[in-house]
Amino acid sequence: MTSLSAQHGALARGAFAVAVLVSLAVLFTPPSGVPSSPPGVDKVVHLSLFLVLALTARWAGVGRQVATVSLVAYAAVSEVVQGTDLVGRDAELLDWVADSAGVLLGLTLWALSTRGRGTR
């Protein structure tokens, strides 16, 4: 059986590219461009963002291990960069935890949704 990434090649890669671009905008917007929100909402945003990154990465054919390591590292680097004068936001360990949870949840959802379809 043909894998989902092969069936939807350009669409899957495009979706992943859009997810990456959205993540760049969300993670690296200066503080003045970040809307205020109730406490905890930022963790939901982080989790959701990395869930989508993980799902679209797998759909685009990125291997499970590569997606896991790359996205968790991207999350860590993004927090470090947010804490620099370059972005001027706060680096938060709990944001990285939410990002990592999103990656794991996205990979789990992918695995469950593709079970029995010949994709891993």
Side-chain angles (χ1 to χ4, degrees):
M1 183 174 250
T2 308
S3 73
L4 286 177
S5 60
Q7 291 175 1
H8 304 284
L11 180 59
R13 288 187 303 275
F16 180 53
V18 168
V20 169
L21 291 173
V22 168
S23 77
L24 290 168
V26 169
L27 296 171
F28 301 115
T29 296
S32 60
V34 177
S36 62
S37 62
V41 169
D42 67 315
K43 304 305 179 257
V44 174
V45 170
H46 278 267
L47 185 136
S48 301
L49 183 63
F50 278 84
L51 182 149
V52 169
L53 283 166
L55 282 174
T56 57
R58 293 294 287 134
W59 185 30
V62 178
R64 184 179 63 240
Q65 289 179 325
V66 170
T68 303
V69 171
S70 299
L71 291 174
V72 169
Y74 173 47
V77 169
S78 74
E79 287 306 312
V80 170
V81 172
Q82 284 179 15
T84 67
D85 290 340
L86 190 64
V87 178
R89 290 172 44 183
D90 294 328
E92 293 185 35
L93 178 62
L94 288 179
D95 285 350
W96 177 79
V97 170
D99 297 340
S100 299
V103 170
L104 295 177
L105 183 57
L107 294 174
T108 300
L109 290 173
W110 179 262
L112 292 172
S113 72
T114 60
R115 186 175 289 174
R117 294 187 184 172
T119 58
R120 294 161 61 181

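No experiment lies behind these values; they were computed from the predicted model shown.
- Between Leu51 atom CG and Trp110 atom CH2 the span is 12.5 Å, to the nearest 0.5 Å.
- Between Val72 and Phe50, the closest side-chain pair of non-hydrogen atoms is not below 4.5 Å.
- Thr108 and Leu104 get closest at one heavy-atom pair: OG1-O, 2.8 Å.
- No donor-acceptor pair closer than 3.5 Å links the side chain of Ser48 to the backbone N or O of Val45.
- Proximity of Leu93 to Trp96: side-chain heavy atoms (C-beta onward) are separated by under 4.5 Å at one or more points.
- How far CG of Leu53 is from CZ of Phe16: 6.5 Å, rounded to the nearest 0.5 Å.
- The OG1 atom of Thr56 sits 11.0 Å away from atom CG of Leu11, with the distance rounded to the nearest 0.5 Å.
- Within the structure, every pair that satisfies the salt bridge (charged side-chain N to carboxylate O under 4.0 Å, His left out) test and touches residues 95-111, not counting sequence neighbours, is listed here: Lys43-Asp95.
- Of the possible donor and acceptor atoms, none in the side chain of Gln82 sits under 3.5 Å from a partner among the backbone N and O of Ala91.
- When the side chains of ILVMFWY residues are joined at heavy-atom separations under 4.5 Å, either directly or via intervening members, Leu49 and Val41 end up in a single hydrophobic cluster.
- Between the Ser70 side chain and the Ala67 main chain, no donor and acceptor come within less than 3.5 Å of each other.
- Contact record, Val103 with Thr68: CG1-CA, 4.3 Å, taken as the closest heavy-atom pair.
- In terms of the side chain to side chain contact (heavy atoms under 4.5 Å, CB included) criterion, Val69 has no residue partners (sequence neighbours excluded).
- Separation of atoms OG (Ser100) and CG (Leu47) is listed at 10.0 Å; rounding is to 0.5 Å.
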Side-chain donor/acceptor pairs under 3.5 Å, residues 18-38, sequence neighbours excluded:
unit_1 : atom_1 : unit_2 : atom_2 : d
Ser23  : OG     : Val20  : O      : 2.7
Ser23  : OG     : Tyr74  : OH     : 2.7
Thr29  : OG1    : Ala25  : O      : 2.2

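- Hydrophobic clustering, with ILVMFWY side chains joined whenever heavy atoms are under 4.5 angstrom apart, keeps Leu105 apart from Leu112.
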Problem - Pair His46-Glu79, side-chain contact (heavy atoms from CB on, under 4.5 Å): steps then yes or no - result: CA-CA 11 Å; His46 278 267; Glu79 287 306 312; 3.4 Å; yes

